[in-house]
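Data block below; observations after.
Ligands are counted one by one from 1 in listed order, and the atoms in each one are counted from 1 as well.
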Amino acid sequence: MQSLTYLFLILCCTQSACHGCEWIRHQFGTLSGLYLTQLDEMGGNITQQEVPVVFPEFLYERTNDTQYVDQVRFLNETIHEITELFDENMDAVTWDKKKLGDFLILLHRQFTNLKSCVLPARRPDKTLKHYFKELKKVLRKMNYSAQAWELIRKETKYHLQKLDLLVANMH
Ligand SMILES: *[C@@H]1O[C@H](CO)[C@@H](O)[C@H](O)[C@H]1NC(C)=O
Ligand SMILES: *[C@@H]1O[C@H](CO)[C@@H](O)[C@H](O)[C@H]1NC(C)=O
Ligand SMILES: *[C@@H]1O[C@H](CO)[C@@H](O)[C@H](O)[C@H]1NC(C)=O
Ligand SMILES: *[C@@H]1O[C@H](CO)[C@@H](O)[C@H](O)[C@H]1NC(C)=O
């Protein structure tokens with residue numbers, strides 16, 4: 001009886017790893033809606049100015065067609081990179097501080113909860129890392145100005161929407 005329970009647990013774990021971490025299935029979308037609202041409301045309209053870094057559209061296409069475990073890794077990495085981006089110097093931003101704070105807390109919560117879904121780490125995707133490095137370079141080159149941060153906000157919004165779509169297609 002005991003070994004049966006044990007076997008059952010193993011099966012559950014393997015299954016949840018392969019086919020649906022509960023957090024992603026039930027909570028990801030809700031939280032995603034909440035932080036996207038904060039992102040929208042913390043400043044004015046999203047800038048029309050073009051971001052001088054090519055968006056890694058192909059990574060999303062590739063991830064959409066890959067296995068669940070790799071999709072979860074991609075969610076983990078991308079959200080982690082975004083949270084790191086928002087660790088840069090934000091002195092110049094004029095956004096609503098409360099909404100900005102809430103945005104970051106919610107995003108961080110998403111990342112923390114994803115951790116429980118993510119499988120043993122693999123080396124982060126180089127292309128993704130490189131892309132986020134380029135974004136940081138843009139910030140630096142533009143002296144962390146409010147305008148530079150508007151570009152980051154625009155790019156972040158696009159990522160978070162794409163991640164949301166990705167998750168919607170995962171089940
Ligand atoms: C923001 O966008 C809305 C809708 O597109 C537009 O009506 C409004 O004038 C814009 N506001 C500013 C400050 O550009
Ligand atoms: C992602 O894959 C699903 C099927 O799994 C498909 O319906 C959807 O169109 C794809 N989306 C993109 C953006 O490729
Ligand atoms: C999730 O992302 C973080 C940051 O890159 C990394 O440290 C961690 O190992 C990742 N988790 C897995 C299991 O890939
Ligand atoms: C950034 O700041 C440096 C030093 O203060 C200045 O020389 C440079 O022109 C600034 N660049 C931009 C894009 O504002």
Using 4.0 Å as the upper bound for N to carboxylate O, is an ion pair formed by Lys129 and Glu77?
no
Regarding Asp102 and Lys99, does a basic nitrogen lie under 4.0 Å from an acidic carboxylate oxygen?
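Looking at Asp102 and Lys99, the cut-off is not met.
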Which atoms of ligand 3 are found less than 4.0 Å from any heavy atom of His80?
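It comes down to these atoms of ligand 3: 4 (C), 5 (O).
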Could you pull out the N/O contacts under 3.5 angstrom between ligand 2 and the surrounding protein atoms?
unit_1, atom_1, unit_2, atom_2, d
ligand 2, 2 (O), Asn64, OD1, 3.2
ligand 2, 2 (O), Asn64, ND2, 2.5
ligand 2, 11 (N), Asn64, ND2, 2.8
ligand 2, 14 (O), Asn64, ND2, 3.0

Do any N/O atoms on Arg73 end up under 3.5 angstrom from N/O atoms on ligand 3?
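Not met; the criterion fails.
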Scanning both residues in full, the closest heavy-atom pair of Gln71 with Thr66 reads NE2-O, 3.5 Å
Which atom pairs, donor and acceptor, lie under 3.5 Å between side-chain atoms of residues 30-38 and protein residues at least two apart or in another chain?
unit_1, atom_1, unit_2, atom_2, d
Ser32, OG, Asp164, OD1, 3.2
Tyr35, OH, Gln110, NE2, 3.1
Thr37, OG1, Gly33, O, 2.8

Polar side chain donor-acceptor pair, Asp125 to Thr127, under 3.5 angstrom
yes
For Lys97, all residues meeting side-chain hydrogen bond (donor to acceptor under 3.5 Å, both in side chains), sequence neighbours excluded:
none
For Tyr144, which residues count as a ring-ring contact (aromatic ring centres under 6.0 Å, His included) partner, sequence neighbours excluded?
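For Tyr144, no residue satisfies ring-ring contact (aromatic ring centres under 6.0 Å, His included) once neighbours in sequence are set aside.
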State the atoms of ligand 1, each with its element, that fall below the 4.0 Å cut-off from a heavy-atom position in Asn45.
1 (C), 2 (O), 3 (C), 8 (C), 10 (C), 11 (N), 12 (C), 14 (O)
